[in-house]
There are 2 protein chains.
Amino acid sequence: MNKLYVVGIGPGNRENMTLSAVNALKDSNIIIGYDTYIDLIKDLIIDKEIVSNGMRKEVDRCKEAIVLASKGNTVSVVSSGDAGVYGMAGLILEIISKEYSLSEFDVQVIPGVTAGNSSAAILGAPLMHDYVTISLSDWLTKWETIENRLHCAGKGDFIVVLYNPKSKSRTEYIKKTQEILLNYKSPQTPVGIVKSAFRDDQNSQITTLKQMVDCDIDMFSTVIIGNSNTFVDGEYIITPRGYSI
Amino acid sequence: MNKLYVVGIGPGNRENMTLSAVNALKDSNIIIGYDTYIDLIKDLIIDKEIVSNGMRKEVDRCKEAIVLASKGNTVSVVSSGDAGVYGMAGLILEIISKEYSLSEFDVQVIPGVTAGNSSAAILGAPLMHDYVTISLSDWLTKWETIENRLHCAGKGDFIVVLYNPKSKSRTEYIKKTQEILLNYKSPQTPVGIVKSAFRDDQNSQITTLKQMVDCDIDMFSTVIIGNSNTFVDGEYIITPRGYSI
């Protein structure tokens, strides 16, 4: 059977990878991924054939992985965080579904610690209640759809986890997000911003919904915005679950 | 410094734990948790002092952990999945914030693979786009709040991950959830139900929003309901991210 692993490597350090992810890499003879992610796991794959390429080459990368697996190789396609959350798992399955047959491949999705969960752990416990995860990138999703989801997130008093909050070419969406959420959330709502969680250049900031647009946010940042009960104590953001203590 | 780890052990098998979680358990002399979770990691903690108790004893368990840490022990409080998602991280920090001072403790939250991410990996790739996570338990949250969030999730065409979908005493909420979501989602929307992900008694079912209430759902199940683009091919649920392939 043509074997393909889609591996979530977690935030990027060995400590926050699962043993399943390590085992999948070991079991593969070819590892495929975006340069930055390949670099994060390079000590685990020194004896492997590596196929890496740049951003926005996801479709090419997945098609190549499928062709290589169909030739009898065991291939791991790596994603940071969880392979099933804005990662490569969907694309691999979609392409096989459309161009091959899923019954011809043994595809195993290896879950991982997401950027949202890593960032939350660094900030304390902001994600303790119902939450939404929204990507602010309009590359694959219309801005109108994203905008509607932000309104729904606000109306529902959800904790909000923002992926891809800002890039060099998309600097306005984080401001628009703030404007939308201020219709529903207090300007004092705690916000945590974590950059490169558990990597060497990790940086975290605690701010408010009012102030967040003045903070350092880039494409390696995850932004977590609290619900109406979230509070800050010292270096921690805490969302109560509702227990009487 | 009084040291407390709040450890997310992932779905329950060693393979899906992180090395950080294993290291935190090793570094602790006392391990505290709900009986079922202690049982899942018993081979990793044979030389440790164990404090375990039953469901709904979360506050007692956390208070005991804090007292033990304040006496100089290194304590791990374990949660299944991620400690920061409906887990013990928030409660530990809340209690210390209210009754002690956070500056007196070194609290480390160890993130883990959530039940939602584990279940998604088993089902294929249902969580590939913006999603909400909602607990249907009204033990700590008013049903009206949950109901409003379900409406918002529907209006936003989010993928929906349901925690605590049903228990012996709460059998109606999954039906109410279906009714609410049918206002916004097609009856044919793919639904995946995973019970005891990555444990010995793992079971997964693929169904539709129309049929899901007739399926076997209990308190160990996680339910994932697709968005308007989610489709099923064979044994896989796939939500496209939006790539042209």
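So you know, we letter chains A, B, ... as the sequences are listed, proteins then strands, and number each from 1. What you see is a predicted model; the values in this text were computed from it and never measured.
The heavy-atom pair separating A:V85 from B:N117 by the smallest distance is CG2-ND2, 3.4 Å.
The number of heavy-atom neighbours closer than 6.0 Å to CD of A:E235, taken from other residues, nucleotides and ligands shown, is 12 or below. Taking a 6.0 Å sphere around CG of B:D200, one finds it holds 12 or fewer heavy atoms contributed by other residues, nucleotides or ligands.
Between A:P111 and B:F198, some side-chain heavy-atom pair lies under the 4.5 Å cut-off. Using a 4.5 Å cut-off on side-chain heavy atoms (C-beta onward), B:L127 and A:D82 make no contact. Between B:I238 and A:L102 there is a side-chain heavy-atom pair separated by less than 4.5 Å.
Put simply, of A:G112, A:A120, A:G234, the one with the most heavy-atom pairs under 4.5 Å next to chain B is A:G112. Per-residue heavy-atom pair counts under 4.5 Å with chain B were compared for A:A125, A:G124, A:C152, A:A153, and the maximum is reached by A:C152. Ranked by non-hydrogen atom pairs under 4.5 Å with chain B, the options A:G84, A:G8, A:A21, A:G154 are led by A:G84. Of the listed residues (B:T133, B:V132, B:L19, B:I95), the greatest number of heavy-atom pairs within a distance under 4.5 Å of chain A belongs to B:T133. Ranked by non-hydrogen atom pairs under 4.5 Å with chain B, the options A:R149, A:Q108, A:H151 are led by A:R149. Put simply, of B:S103, B:S97, B:G242, the one with the most heavy-atom pairs under 4.5 Å next to chain A is B:S97. Comparing B:D157, B:I159, B:V161 by how many heavy-atom pairs each has under 4.5 Å with chain A, the most go to B:D157. Top candidate by heavy-atom pairs under 4.5 Å with chain A, chosen from B:H129, B:K98, B:M17, is B:H129. For the set B:T141, B:I110, B:T239, B:T145, the entry with the most heavy-atom pairs within less than 4.5 Å of chain A is B:T141. Of the residues considered (B:Y236, B:Y163, B:F231), B:Y236 shows the highest number of contacts with chain A, using heavy-atom pairs under 4.5 Å.
Of the atoms belonging to A:S244, it is backbone heavy atoms, and not side-chain ones, that fall under 4.5 Å from chain B. For B:V107, the parts lying under 4.5 angstrom from a heavy atom of chain A are both the backbone and the side chain. The contact between B:D233 and chain A is made by backbone and side chain atoms together, counting heavy-atom distances below 4.5 Å. Residue contact with chain A, scored on non-hydrogen atoms closer than 4.5 Å, is absent for B:N13.
Note: B:M128 CE to A:L93 CG = 9.0 Å, rounded to the nearest 0.5 Å. The distance from the OG atom of A:S20 to the CZ atom of B:R14 is 9.0 Å, given to the nearest 0.5 Å.
Chain B is approached within less than 4.5 Å, heavy atom to heavy atom, by A:E58, A:V59, A:K63 from residues 58-69 of chain A, ordered by number.
Cation-pi contact between B:R241 and A:Y86: absent, since separation from the ring centre below 6.0 Å together with deviation from the ring axis within 45° is not met.
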